[in-house]
Engineer: 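Please see the structure below; I have some questions.
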Amino acid sequence: FDTKTPPYSTSDTSSFAYISARDRWPVIITQGIDDVHRETMTATDPEVVNEGKQIIAELTKLKYELQHDRPMTLIPDDGYADIKEYNQELEALGNPKWFGVPWLFAECYLYRRISSFFYLSQKWKSYDLFARQKMSTFKSSRPAVLELAGRYKDIVTELESKHTLKGAKTKEELEAAEKILFIEMCEICLWGNATDLSLLTNLSYEDIQKLQGTEARKASEKNIVVNDLNAAFSVLYEGQRAGKTERRVDIILDNAGFELFVDLILAGYLISSGLATEVVLHPKRIPWFVSDVVPKDFADLINALADPQAFYSTPSEDDKHTGKSPQPLSDIEVGNLSFLFRHWSTFHAEGQLLIRPNGFWTEGGSYWRLPTSNPALFEDLQDSELVVFKGDLNYRKLTGDAMWSPTTPFSEAIGPLGPGSGLRILALRTCKADVIVGLPIGEDERLRATDGGGGDSGARKWAWSGKWAVVQFSDQKT
Ligand code: F6P
Ligand code: MG
């Protein structure tokens with residue numbers, strides 16, 4: 001059930017696949033080694049120390065195999081069913097080496113193999129080697145978090161107290177006002193994806209903060225090369241007006257920290273505005289692509305908001321380097337963050353905001369396999385009014401990470417999740433990989449000709465940096 005269009009491969013030196021495997025994955029593994037080392041150094045239980053050293057040895061071996069283009073080895077059975085599929089896939093690919101394999105599979109294998117080191121231990125089973133990075137980057141996005149918390153409180157208070165918006169009087173005015181807000185919320189949620197940790201290895205905290213403010217977002221609107229938000233709004237709005245009592249929106253999450261924060265802003269807005277009656281969030285089961293959300297990240301974020309003053313007064317990694325101590329929050333800022341905490345906790349407690357992990361999201365194949373690999377999950381998503389896929393990796397998985405012509409319609413490139421699927425899909429993706437579909441004729445060429453876009457090199461460099469984005473919609477519900 002995979003696409004016949006060939007996938008991007010780590011052997012293709014003009015693609016981001018090759019650069020990722022050669023330059024970025026070794027750095028990511030090294031950061032993981034440093035983290036486990038740090039944890040091991042402070043442990044007192046000798047078994048924790050021993051197993052920590054074993055995990056470091058396994059990570060070091062993995063890095064060596066990758067950097068020396070050795071064969072990708074079978075993953076040892078760690079008790080989870082997906083291992084069998086990973087290993088079958090390796091065999092089907094002819095026991096490949098690291099630099100001659102579909103990019104998507106190789107990258108999933110990397111994170112799945114890392115997770116097996118932890119599962120096979122006794123003391124480190126639930127340890128997340130990326131958790132420290134995720135939380136510290138969230139802390140450094142403080143200015144944007146505070147700005148959005150204030151904005152969220154104002155919007156929700158207005159929605160809940162007056163059941164109207166911005167003085168809108170007629171039905172049309174109300175619809176127009178709601179649409180503007182919906183688009184703003186979705187665009188916040190989209191650009192929240194520009195700050196994932198796997199790409200941020202070279203950015204400073206100032207750079208991160210610049211990516212996140214309101215001004216930056218407005219300026220970035222011209223960088224959304226396809227934007228189907230109007231169509232997505234219409235279906236939710238029509239559903240609401242038709243008075244359907246249960247209207248669920250699903251969000252297939254991407255990154256923790258700031259991106260999860262903005263996903264919750266969108267979720268809270270959808271419920272408060274009545275555009276959805278329920279939002280289901282789908283995190284990953286294992287540490288994944290460095291910064292992806294695992295259930296504990298959700299708890300960590302909520303705990304941070306439960307006592308924001310305590311959270312922000314503990315120095316961040318950045319503060320430790322600069323020797324600065326963090327500014328206390330003002331009473332208004334504490335009030336806004338506490339408002340968010342109460343609002344989201346109430347939705348969660350009342351069953352309107354749900355977290356539902358599933359092992360499918362961390363399998364090695366693309367989402368073309370969903371109907372056959374996990375029919376129960378597929379059917380569950382058919383009940384949703386709208387399934388939002390966040391981020392670059394989810395987009396690669398939707399499209400099979402294949403070398404489509406860039407003008408291929410989005411609904412065609414998502415294969416079994418397109419026509420006949422009964423699914424309504426919205427992808428919110430900042431582009432960080434070669435695959436792209438659904439562009440107007442000539443757009444890829446125009447973007448290649450921009451500064452740093454790749455020009456005549458044969459490389460689609462414009463699509464690698466997270467500077468450009470697409471918002472694409474496929475409605476197969478009718
Ligand atoms: O392209 C870089 C990369 O790490 C890809 O390997 C991966 O698809 C993506 O970024 C992760 O980004 P996101 O968190 O948006 O899925
Ligand atoms: Mg991610």
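Order of appearance sets the numbers: ligands from 1, and atoms from 1 within every ligand. Everything quoted here is computed from the prediction, not taken from an experiment.
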Engineer: Heavy-atom contacts with Arg24 under 4.0 Å: which atoms of ligand 1 show up? List them by number with element.
Structural biologist: 2 (C), 3 (C), 4 (O)
Engineer: Assign the ring pair Tyr86 / Tyr109 to parallel, tilted or perpendicular, where the plane angle (0 to 90°) is split at 30° and 60°.
Structural biologist: tilted
Engineer: Using the side chain to side chain contact (heavy atoms under 4.5 Å, CB included) criterion, which residues pair with Pro76? Sequence neighbours excluded.
Structural biologist: Ser116, Leu120
Engineer: Quick one: look at Asp254 and ligand 1, take heavy-atom pairs under 4.0 Å, and tell me if it's side chain, backbone, both or neither.
Structural biologist: side chain
Engineer: Using distance alone, decide if ligand 1 has a nitrogen or oxygen within less than 3.5 Å of any nitrogen or oxygen in Lys432.
Structural biologist: yes
Engineer: Using the test side chain to side chain contact (heavy atoms under 4.5 Å, CB included), find all partners of Tyr18 that sit at least two apart in sequence or belong to another chain.
Structural biologist: Thr13, Arg22, Phe99
Engineer: Run the salt-bridge test on Lys134 and Asp128 with the 4.0 Å N-O cut-off and return the result as yes or no.
Structural biologist: yes
Engineer: Counting only heavy atoms not in Asp456, do more than 12 sit closer than 6.0 Å to its CG atom?
Structural biologist: no
Engineer: Tell me whether the Mg ion (ligand 2) has Asn255 as a neighbour, meaning an N, O or S atom of it below 2.8 Å.
Structural biologist: yes
Engineer: Salt bridge or not for Glu58 and Arg113, using N-O below 4.0 Å?
Structural biologist: no
Engineer: Any N/O of Asn255 closer than 3.5 Å to an N/O of ligand 1?
Structural biologist: yes
Engineer: Does a donor on one side chain and an acceptor on the other come within less than 3.5 Å for Asn193 and Asp392?
Structural biologist: no
Engineer: Applying a 4.0 Å heavy-atom criterion (strictly less than), which segment of Leu393 is in contact with ligand 1: side chain, backbone, both, or neither?
Structural biologist: both
Engineer: Which one holds for Phe16 and ligand 1: side chain close, backbone close, both close, or neither close, with close meaning a heavy atom under 4.0 Å?
Structural biologist: side chain
Engineer: Is it true that a side-chain atom of His68 and a backbone atom of Tyr64 form a donor plus acceptor pair closer than 3.5 Å?
Structural biologist: yes
Engineer: Quick check on the Mg ion (ligand 2): does Asp292 put an N/O/S atom closer than 2.8 Å to it?
Structural biologist: yes
Engineer: Does Asp392 bring an N, O or S atom to within less than 2.8 Å of the Mg ion (ligand 2)?
Structural biologist: no
Engineer: Any salt bridge between Asp69 and Lys97, counting N to O under 4.0 Å?
Structural biologist: no
Engineer: Going by the order shown, which atoms of ligand 1 are within less than 4.0 Å of some heavy atom of Arg396?
Structural biologist: 5 (C), 6 (O), 7 (C), 8 (O)
Engineer: Closer than 4.0 angstrom: is that true for some heavy atom of Lys390 and an atom of ligand 1?
Structural biologist: no
Engineer: For ligand 1, indicate whether the residue Arg429 contacts it via side chain, backbone, both or neither (heavy-atom separation under 4.0 Å).
Structural biologist: neither
Engineer: What N, O or S atom of Asp254 is found closest to the Mg ion (ligand 2)?
Structural biologist: OD1
